[in-house]
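All chains are named by letter (A, B, ...) in the order of the sequence lines, taking the proteins before the strands, and each is independently numbered beginning at 1.
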2 protein chains.
Amino acid sequence: MNKDLIHEKLAKRVKNKMLSDELLFDVAEVFKIFGDSTRVKIIYALKLSELCVSDLAFITNSSESAISHQLRILKQAKLVKSRKEGKVVYYSLKDEHVIKLFEIGREHVEEL
Amino acid sequence: MNKDLIHEKLAKRVKNKMLSDELLFDVAEVFKIFGDSTRVKIIYALKLSELCVSDLAFITNSSESAISHQLRILKQAKLVKSRKEGKVVYYSLKDEHVIKLFEIGREHVEEL
DNA sequence: TAAATATATGAACAATTATTCAAATGAAAG
DNA sequence: CTTTCATTTGAATAATTGTTCATATATTTA
């Protein structure tokens, strides 16, 4: 426990330059979406092709229910979009940004 | 539940092109680190300056214990490094990659 | 050596979350 | 219209995780 600030001027200066709690919270929220391996698998598969729920279940070795739950999360986060064709729902990535985020994460891992 | 694969050829082709489970798991692990607002705050603060634990506690409005726990996680993930000077431990970002990851996440949030 | 200080650590607790299972939709086909 | 099929949904469960609190460690100072 500290009685006083150790580097008062520096710490206050940095505190003033901080981004808003709200923005930093939102940034964390986006990363949280990518922070699950099932979702990462889905994202990478959709990077390769538009796919339906049962395709994704097969590709990721998960149940269709699990995939459907995760797809809902990805859709709410605006990372994927879907279109319906009869009984089948096709999912794809919303935009290039999703791929960019994935690739930067991948680079980081591969460079260690 | 599906008896058979709906798009057998496509699904098998995509499955063959998938990255290894291990790599995708590791990618998720990195994003998981960024998926907490306290850690994101720490990372952004350290982007501005090298700081000690109590500075970070002040800047992020958290307890020193909480910050210390999070710094351990960040250090294990090789996202931050530290140096000791007397009683004080100074933390800083490990490399530019950490900043890049943060910035891409920030861009994504700000573009919505 | 004892007191003070900065940080670290471990256990406990609460909260969040991913999966499973069972059941419900919604659409096509028989 | 009944059955089949693809997907969705909700509740339950198990596992993970961030914070707190108390205590420990390490370093400096009195």
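Straight-line distance from the CD atom of Q76(B) to the C1' atom of dA8(C): 13 Å, rounded to whole Å. In this structure, L5(B) atom CG and dA6(D) atom P are separated by 10 Å, rounded to whole Å. Following rounding to the nearest Å, R83(A) (CZ) and dA6(D) (C1') show an atom-to-atom distance of 15 Å. With rounding to whole Å, L56(B) atom CG is found 9 Å from dT7(C) atom P. For the pair Y90(A) OH and dT8(D) P, the computed distance is 13 Å after rounding to whole Å. Atom pair R39(A):CZ and dT17(C):P shows a separation of 9 Å (rounding to whole Å applied). Distance CD1 (I67(A)) to P (dT8(D)): 11 Å, rounded to an integer number of Å. Look at CD1 on I73(A): it is 14 Å from P on dT16(C), rounded to the nearest Å.
Residue ring and nucleobase are not stacked for H69(B) and dT19(D) under a centre distance beneath 5.5 angstrom and an angle between planes beneath 30°.
Of the charged side-chain nitrogens involved, none lies within less than 4.0 Å of a carboxylate oxygen, so that E50(A) and K81(A) do not count as a salt-bridged pair. Ion pairing between a basic and an acidic side chain is recognised when a charged N comes within 4.0 Å of a carboxylate O; K41(B) and D21(A) show such pairing. Using a 4.0 Å cut-off between a side-chain N of Lys or Arg and a carboxylate O of Asp or Glu, E110(B) and R106(B) qualify as a salt bridge. A salt bridge links E8(B) to K12(B): at least one charged side-chain nitrogen sits closer than 4.0 Å to a carboxylate oxygen.
Taking 4.0 angstrom as the limit, R72(B) places none of its side-chain polar atoms (N or O) nearer than this to OP1 or OP2 of dT7(C). Under 4.0 angstrom from either OP1 or OP2 of dT7(D) there lies at least one side-chain N or O belonging to S54(A). OP1 and OP2 of dA18(C) both lie 4.0 Å or more from every side-chain N or O belonging to T38(A). Residue S68(A) places no side-chain N or O under 4.0 Å from the OP1 or OP2 atom of dA6(D). Not one side-chain nitrogen or oxygen of Q70(A) sits closer than 4.0 Å to the OP1 or OP2 atom of dT17(C). The shortest distance between the side-chain N/O atoms of S65(B) and the OP1/OP2 oxygens of dT19(D) is not below 4.0 Å. Look at Y91(B) and you'll find a side-chain N or O under 4.0 angstrom from OP1 or OP2 of dA8(C).
Residue K32(A) is classed as a sugar-phosphate contact, given heavy-atom separations below 4.0 Å to backbone atoms only. S63(B) comes within contact range of the sugar-phosphate backbone alone, with a heavy-atom separation under 4.0 Å but no base atom that close.
Side chain of D36(A), nearest nucleotide from dA18(C), dT7(D), dG10(C): dA18(C). Listed nucleotides dA8(C), dT7(D), dG18(D) differ in distance to E64(A); the shortest reach to its side chain belongs to dT7(D).
Judged by a 6.0 Å distance limit and a 45° cone about the ring axis, K32(B) is not positioned over the six-membered ring of F31(A).
Looking at which nucleotide of DNA chain C each of A66(A) and E85(A) is closest to, the 5′-most match is held by A66(A).
Of the N and O atoms on the side chains of T60(B) and S62(B), at least one donor lies less than 3.5 Å from an acceptor on the other residue.
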